[in-house]
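In what follows, chains carry the letters A, B, and so on, assigned in the order in which the sequence lines appear, proteins first and then strands, with residues in each chain numbered from 1. Quick caveat, the model's predicted, so the values are computed rather than measured. Keep in mind that the numbers below use all heavy atoms, side chains included, and drop hydrogens, waters and symmetry copies.
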2 protein chains.
Amino acid sequence: MEKKSIKDVAEKAGVSTALVSYVLNNRMQGRISEATAARIRKAAKELNYQPNRIAQSLKLQKTRTIGLIVADITNTFSSQIARIVSEEARKKGYLVIIGSADEDAQKCAALIELFLSRQVDGFIIAAADNTEAQLKKLLKQKVPLVLFDRYFPSLKANAVTIDNYRASCTVTEHLIAAGKKRIGIIAYETGLFHLQERLRGYKDTLQQHRLAAPASLTGFVNIDNIEQDVARALDVMLSSRGRADAIYFTSNKLAVAGLKVLVERNIAIPGTLAVVSFDESDSFDFFHAPLTYVKQPLAGIGSEVVSMLISQMDMPASKITSKVLDAILVARASSQPS
Amino acid sequence: MEKKSIKDVAEKAGVSTALVSYVLNNRMQGRISEATAARIRKAAKELNYQPNRIAQSLKLQKTRTIGLIVADITNTFSSQIARIVSEEARKKGYLVIIGSADEDAQKCAALIELFLSRQVDGFIIAAADNTEAQLKKLLKQKVPLVLFDRYFPSLKANAVTIDNYRASCTVTEHLIAAGKKRIGIIAYETGLFHLQERLRGYKDTLQQHRLAAPASLTGFVNIDNIEQDVARALDVMLSSRGRADAIYFTSNKLAVAGLKVLVERNIAIPGTLAVVSFDESDSFDFFHAPLTYVKQPLAGIGSEVVSMLISQMDMPASKITSKVLDAILVARASSQPS
DNA sequence: ATTAGTCGTTTAATCGTTTAAACAAAACGA
DNA sequence: TCGTTTTGTTTAAACGATTAAACGACTAAT
């Protein structure tokens with residue numbers, strides 16, 4: 001049961017390796033006699049021959065491997081995307097190698113280097129903050145690349161995203177419709193465009209409805225200090241003067257951290273405070289008041305991102321495309337009018 | 001900025017490719033003049049040369065790639081292990097490719113085939129039910145292999161596990177110490193040894209304390225029908241006659257499903273019912289009564305599994321080893337004496 | 001009978017490395 | 001001075017596949 005090479009098959013069938021390759025890849029149809037073809041196929045089967053993909057990759061100068069870099073693999077969003085992308089790619093004959101940048105530009109750079117040295121054919125990336133320069137370098141090297149989730153307006157790259165601005169408007173409208181007047185937001189302190197868009201959607205919608213958006217109702221959180229920053233921000237918002245009656249967490253991680261605080265503080269949800277989160281979390285489902293959240297079309301993102309990358313790899317000169325998908329608001333108990 | 005090969009470096013430095021290889025790999029120390037070595041290193045740096053790992057792999061007959069097959073990547077246990085294993089392997093110069101078998105023997109077989117065709121140097125596997133035959137085949141082919149989490153007593157393979165029996169005893173003892181007398185268990189209907197061990201630990205401990213373990217307090221759940229089966233089992237246990245006063249969920253997934261039911265049924269925890277789970281979940285932390293759970297030493301498992309595999313790959317003839325780590329019980333509000 | 005096509009198959013180069021063996025030049029020993 | 005080492009470098013084969021080009025044996029056309 002040793003490793004069999006094409007040479008073994010050739011020997012066993014009494015032909016040259018070239019012929020074996022042709023037959024097994026269905027090249028040169030019609031030029032090869034059915035008798036030898038059959039003999040070769042039989043020999044291959046009997047030896048349980050599997051072509052060595054490393055050798056193939058070297059010769060063909062492509063590995064049929066995709067490098068996927070997610071923001072943070074411990075987040076459901078990332079792990080779901082990883083699952084979907086892997087499966088989608090597998091269907092099309094590609095293997096996906098997954099790396100988690102953990103929201104760190106350095107780590108992201110290291111992953112890109114690692115994957116490049118492994119000769120991936122292309123990248124699918126949810127970029128961390130401050131990675132524009134790296135991505136620009138990749139683009140200049142003409143490495144096939146698709147961004148998702150996060151993207152940079154300044155970058156000429158393929159991208160699959162959702163309309164974060166509009167989703168945020170929807171969230172805010174929803175809270176307003178539920179009778180909330182003092183809506184707070186918890187957001188990251190970040191340069192990432194998609195997160196700024198979430199903030200912008202919230203602000204614009206409030207303004208449109210002539211509702212106040214005082215600084216005290218906007219909490220900025222540093223990503224390296226989520227727990228404390230969220231707690232501090234919430235305490236400000238819940239202080240007696242101008243108390244918030246609703247809070248919009250712009251990510252699931254923020255929401256999870258926030259809910260812990262709210263539970264500790266014994267805040268009634270949705271009675272005292274309505275809550276909405278961007279993205280899902282296992283936890284939301286069995287919170288006593290199941291959380292209202294913005295659901296991203298994960299399957300859509302995953303399949304779109306893969307087919308976009310593959311089409312770019314097949315025709316490297318093709319135009320840059322960008323696709324914007326719709327997120328939907330799943331309204332549940334945590335934001336019911338009270 | 002095109003792809004540079006060793007040939008380009010050789011040309012630029014005015015030497016043969018062999019010399020470049022020797023210098024860059026620090027072979028033949030002392031045989032090479034410092035002057036040319038420096039010239040080669042300079043040329044390599046200027047061209048930003050990175051060796052082509054595909055070509056290396058082909059020549060060296062090893063890819064420095066490890067195939068990791070987890071049971072279900074959407075489970076925190078798996079994704080955490082994946083993160084740790086990837087990082088641990090990276091430190092030692094290996095790349096990890098991750099596959100999720102989704103508890104399905106067929107999928108597991110397909111992943112093994114896929115990874116083999118990609119010439120992985122070895123496997124780290126959390127085997128699904130009914131995969132013994134496949135694993136046996138791998139072993140016969142002398143593919144380096146380490147099992148974790150799940151393992152088969154009949155299989156002569158390296159393994160890293162925890163003592164599931166003992167952990168279950170601890171859980172049960174803990175509940176007994178909290179004054180519980182009618183302790184139920186929710187377990188999978190499965191042939192997997194480690195899960196049977198959890199059940200055995202529970203039963204033995206009850207018996208040792210001369211407590212009853214009637215069939216009505218043992219709920220079996222089919223993995224493809226978790227929600228309904230858990231609900232049904234719980235309803236039986238909570239029916240008036242011989243009502244359970246504690247429940248031990250043998251996995252986090254079962255616990256999550258169970259908690260949803262318990263919340264719906266308005267069961268007071270730990271007042272009416274104490275609850276303990278095996279493994280963690282994000283949700284457990286902010287359940288109104290944070291859940292008591294069995295915490296596995298993930299970092300320990302991850303690093304052990306990697307170093308075990310690497311040492312087997314380095315000396316293929318080495319003895320089979322198996323390591324059993326300790327899990328600890330994290331006691332919290334959900335199982336407090338009432 | 002010569003030329004030109006088909007047909008089925010083989011030859012050999014190639015992808016980018018590694019590495020044993022060969023080699024030329026310099027240094028050494030007698 | 002001539003053989004023997006040592007030193008620094010090159011040659012060339014190998015890994016396992018793909019594929020353009022060459023090839024010999026027929027067949028068909030002129």
| request: Could you tell me whether A:Ser5 contacts a base, only the sugar-phosphate backbone, or nothing, with contacts defined as non-hydrogen atoms closer than 4.0 Å? | output: sugar-phosphate
| message | Without decimals, in angstroms, what is the distance between B:Met28 CE and C:dA21 P? | response | 11 Å
| task | Identify whether any heavy atom of B:Gln50 sits under 4.0 Å from a base atom; if not, whether one sits that close to sugar-phosphate; answer base, sugar-phosphate or nothing. | result | sugar-phosphate
| Is NZ or CZ of B:Arg64 both nearer than 6.0 Å to the six-membered ring centre of B:Tyr94 and within 45° of the ring axis? | yes
| request: Classify the nucleic acid contact of A:Leu19 as base, sugar-phosphate or nothing, counting any heavy atom under 4.0 Å across all strands shown. | output: base
| note | Between A:Val146 and the options A:Val305, A:Ile310, A:Thr321, the side chain to side chain contact (heavy atoms under 4.5 Å, CB included) test singles out A:Val305
| task | For atom NZ of A:Lys92, decide whether the heavy atoms of other residues, nucleotides or ligands shown that lie under 6.0 angstrom number more than 12. | result | yes
| query | Contact class for A:Ser33 (heavy atom, under 4.0 Å): base, sugar-phosphate, or nothing? | reply | sugar-phosphate
| request: For D:dT9, take OP1 and OP2 only and decide whether either is under 4.0 Å from a side-chain N or O of B:Thr36. | output: yes
| Over how many whole Å does the gap from A:Tyr22 atom OH to C:dT11 atom C1' extend? | 10 Å
| Taking the side chain of A:Arg27 as its heavy atoms from C-beta onward, which of D:dT19, C:dT17, D:dA12 lies nearest to it? | D:dT19
| said: Nearest whole Å is fine: how far is D:dT7 C1' from B:Gln29 CD? | reply: 15 Å
| Should the pair B:Glu103-B:Arg150 be classified as a salt bridge under the 4.0 Å nitrogen-to-oxygen rule? | yes
| Whole-Å distance separating the CG atom of B:Leu58 from the C1' atom of C:dT19 | 14 Å
| Interatomic distance, B:Leu24 CG vs C:dT17 P [rounded to whole Å] | 10 Å
